[in-house]
Amino acid sequence: MQLPILQPVPTLRKIELKPDVRAEAERIVSRYPVRKAAMLPMLHLMEREFGIVDESAMAYIGEFLGVSPVKVLSNYTFYTWFKRAGTGKYLLQVCCTLPCALRGSDLVVRHLEKRLGLKVGESTKDGKFTLRKVECLASCDTAPVLQINDDLHEHLTIARLDQILDGLK
Ligand code: FES
């Protein structure tokens, strides 16, 4: 039997937030009855600050909110909208749940793969785009939809999709 390959334990760097970011973190936490309820806004804050939330940032959040780093990791990896290492400048998330599927999300995915020269889950070599299929983006009545970073694009057609991509610098 082959043993699983163990990943080396990452060396954590010490995170010190700038005073204004630290103040924002405290403001966020103060809005919730318990600190751990501020998990998602804290992840967004750290992503905005550092680009991605790495192990060091997760450890910081865990300590700040009083939860284990693995709890932070499970939240971070559950939500598809958080960027991972290697995610391109533009994260394209195509909803492929039934309402969007019935309205042509598959055509959207195929067009993006062809135009950008990648497959779902990959990034372009220039680091500009990453393509993901995701579950419902809560805009089923405007299907098919695509989220690019924080912006939702609704009622997509291939022509509209090309227009949107042309506008991304
Ligand atoms: S199914 Fe696509 S937004 Fe809900």
Side-chain angles (χ1 to χ4, degrees), residues 21 24-25 27-29 31-55 57-58 61-62 64-65 67-169:
V21 179
E24 189 174 347
R27 256 194 315 278
I28 288 170
V29 163
R31 295 199 303 258
Y32 294 89
V34 290
R35 293 181 79 83
K36 67 181 179 184
M39 178 72 74
L40 291 182
M42 278 301 295
L43 283 166
H44 283 294
L45 177 69
M46 298 300 260
E47 185 178 82
R48 196 190 72 205
E49 191 58 17
F50 298 114
I52 62 160
V53 183
D54 63 10
E55 288 90 350
M58 285 184 216
I61 293 173
F64 189 74
L65 299 180
V67 299
S68 68
V70 80
K71 184 82 179 163
V72 182
L73 175 68
S74 64
N75 277 269
Y76 181 65
T77 53
F78 178 79
Y79 294 99
T80 55
W81 61 66
F82 292 116
K83 293 187 170 180
R84 313 279 186 253
T87 300
K89 180 180 176 187
Y90 296 107
L91 174 57
L92 311 178
Q93 300 184 86
V94 182
C95 172
C96 290
T97 303
L98 190 59
C100 282
L102 291 172
R103 301 276 298 158
S105 61
D106 198 39
L107 297 176
V108 172
V109 169
R110 272 190 273 149
H111 185 73
L112 286 169
E113 285 182 332
K114 190 170 173 199
R115 175 165 165 161
L116 302 176
L118 46 57
K119 293 285 178 203
V120 170
E122 294 179 351
S123 300
T124 51
K125 287 188 178 47
D126 62 2
K128 193 168 174 185
F129 298 103
T130 297
L131 178 60
R132 287 190 196 149
K133 281 180 170 182
V134 296
E135 300 300 329
C136 185
L137 291 169
S139 188
C140 317
D141 59 327
T142 62
V145 301
L146 159 72
Q147 185 169 327
I148 303 178
N149 294 345
D150 293 334
D151 300 323
L152 192 67
H153 299 274
E154 305 161 294
H155 300 295
L156 280 180
T157 61
I158 298 304
R160 175 86 190 102
L161 184 55
D162 280 333
Q163 227 176 31
I164 293 164
L165 292 175
D166 288 344
L168 298 177
K169 300 296 170 217

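All values reported here derive from a predicted model rather than from experimental measurement. Ligands are counted one by one from 1 in listed order, and the atoms in each one are counted from 1 as well.
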Tell me the closest heavy-atom pair linking L156 and V145, and the distance in Å.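 Closest approach of L156 to V145, heavy atoms only: CD1-C, 4.1 Å.
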
Which atom of S123 lies closest to which atom of T130, heavy atoms considered: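 Heavy atoms only, the tightest pair is OG-OG1, 2.6 Å.
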
For the pair H44 and W81, name the ring-plane relationship: parallel under 30°, tilted 30 to 60°, perpendicular over 60°.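 The rings of H44 and W81 lie parallel, inter-plane angle below 30°.
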
Enumerate the atoms of ligand 1 whose separation from the nearest heavy atom of [X] is less than 4.0 angstrom.
| X | result |
| --- | --- |
| V145 | 3 (S) |
| P99 | 1 (S) |
| C95 | 1 (S), 2 (Fe), 3 (S) |

Keeping the roles fixed (side chain from R84, backbone from F82), state whether a donor-acceptor pair exists under 3.5 Å.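 Such a contact is found between R84 side chain and F82 backbone.
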
Within the stated cut-off of 2.8 Å, is an N/O/S atom of C96 closer than that to atom 2 (Fe) of ligand 1?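 So C96 does not bind atom 2 (Fe) of ligand 1 by this criterion.
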
Tell me whether A138 reaches ligand 1 (any heavy atom closer than 4.0 angstrom to a ligand atom).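 The answer is yes, since A138 has a heavy atom less than 4.0 Å from ligand 1.
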
Presence of salt bridge, R103 and E154, under 4.0 angstrom: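 No, no charged N to carboxylate O under 4.0 Å.
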
Option among L146, L152, L137 that satisfies the side-chain contact (heavy atoms from CB on, under 4.5 Å) test with C95: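 For C95, the side-chain contact (heavy atoms from CB on, under 4.5 Å) check succeeds only for L137.
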
Apex atom 4 (Fe) of ligand 1; atoms C140 SG and C136 SG; angle rounded to 10 degrees: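 Seen from atom 4 (Fe) of ligand 1, SG and SG are separated by roughly 90°.
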
Between C100 and ligand 1, which part of the residue brings a heavy atom under 4.0 Å of the ligand: side chain, backbone, both or neither?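 C100 to ligand 1: contacts from backbone and side chain alike.
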
